[in-house]
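A short worksheet on the structure shown next.
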Amino acid sequence: MKLNKNFKNLGEDYLFAEVAKRVAAYKAEFPNSDVISLGIGDVTQPLSVKVSDACKDAGVEMSTKLGFRGYGPYDGYPFLKNAIVGYYKIRGIDINPDEVFVTDGAKDALGGFLDLFDADNTVMIPDPVYPAYVDANVMSGRKIIYVDGNRENGFLPMPPARGKADIIYICSPNNPTGAAYTAEQLKEWVRFALDNDAIILYDAAYEAFVEKRSGAARSIFEVTGARDCAVEFCSFSKMAGFTGVRCGWTVIPMASPLNRMWLRRQATKYNGTSYVVQRMAERALRSGYEETTKSVAVYKRNAEIITNKLDELGIEYLGGKNAPYVWLYCDIKSWDFFDYLLKKARIAVTPGSGFGRNGEGWIRMTSFNTTERTEEAMKRFDAFWKEYVEVKEKLFRPLSK
Ligand code: PLP
């Protein structure tokens, strides 16, 4: 037996596991400490009643002779695929049900999709970004090149003037920065992909947070030409509170050979998303949509609480409008800030450097806690920051100096 030697090239721990480990160590040392998490990007609002009713209804249906179902279609039941088609349609995007694949979530699909590509492909990944893209490609030994997100480009890197890539990841709205591309900007990526004969893997996990007036795109398929070079991954996780329920979808245009290949791959390695879960997802998109997406409004309100405080303290940041993430500049090594903030204010965040080299000096805060806890966290942060600016130069080496 030979192990996959590429695992040696992975970091010791997945970023969020390392954050959890450090918080657990702190809690073990100070068992009575009340740590507020603005760290891991998990939802906190319960499922909407309409969605949980759909769960009950489908459960009862399964207990009847007529309603019972065994294995479902590998690509999802038509009722959910049609609901997803309708979800795009209201935004003026035409896709057909055969282009929709129901999945157990965006992460599983993004990882599994790499089965369709040879190891001999160059992958282009923005930095900073959701770390699963890099790790999944490291595991299969692909060459990775990065495009830099930074202060100058508002953490929205554009295609490089030179350089070739075969597989291009775009995450918009971006985790961790909260920055989101407009359709005009995405047009340049589509052109780049077409010129390179490349595929764009577009992660729209946070599209439900996009504010119309911001002008940001919700789907790569808003751009002409995207059907010839892009696949879109989406999720019910953040929009409907499905991080524990598990459901998402992938859109692969029919003209792409990837459509048939993914169906073949799923038929081999996947036995379909649970019927009950698909009924819950359908309800979230149809009659339960308004009630379900109230949770998004709660997270948006929390983001506002965070950004109001950062404005008041004069801290440089972005995000918080089109995403549940606020990306703020702390001016010292991200992990040093993480440890210091945890120790002094009992707030857990995520160090920017964990999302890539360009995240050094930055911190990601999430708006996924409850409003009460977010308010309490920002009260603590206010006192913390005022002290931090006084001691920063004495205790740390600021990156801006
Ligand atoms: N894509 C991005 C950018 C994410 O931030 C996350 C989760 O945090 C996922 C995908 C995973 O989504 P899912 O829960 O659907 O697997």
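Numbering of ligands and ligand atoms starts at 1, following listing order. Side chains included, hydrogens not; waters and symmetry mates left out as well; all remaining heavy atoms used. Here the structure is a predicted model, which means the values were calculated and not measured.
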Between Arg191 and Glu188, does at least one N-O distance fall below 4.0 Å, as a salt bridge requires? no

With backbone taken as N, CA, C and O and side chain as the heavy atoms from C-beta onward, which portion of Ser237 lies under 4.0 Å from ligand 1: side chain, backbone, both, or neither? side chain

Can you tell me if Phe236 has a non-hydrogen atom under 4.0 Å from ligand 1? no

Charged N to carboxylate O below 4.0 Å: is that the case for Lys50 and Glu290? no

Ligand 1 versus Phe242: contacting region, heavy-atom distance under 4.0 Å: neither

For ligand 1, is Gly248 a contact, meaning one of its heavy atoms is under 4.0 Å away? no

Answer yes or no: does an N/O atom from Tyr130 fall short of 3.5 Å to an N/O atom of ligand 1? no

With atoms numbered from 1 as shown, which atoms in ligand 1 lie under 4.0 angstrom from a non-hydrogen atom of Ser235? 13 (P), 15 (O)

Can you label the angle between the Trp262 ring and the Phe113 ring as parallel, tilted or perpendicular, going by 30° and 60°? tilted

Do we get Arg265 above Phe101's six-membered ring, with its NZ or CZ under 6.0 Å from the centre and within 45° of the axis? no

Option set Lys107, Lys238, Met239, criterion heavy-atom distance to atom 8 (O) of ligand 1, minimum: Lys238

Give a yes-or-no answer on whether the side chains of Asp108 and Tyr270 include a donor-acceptor pair shorter than 3.5 Å. no

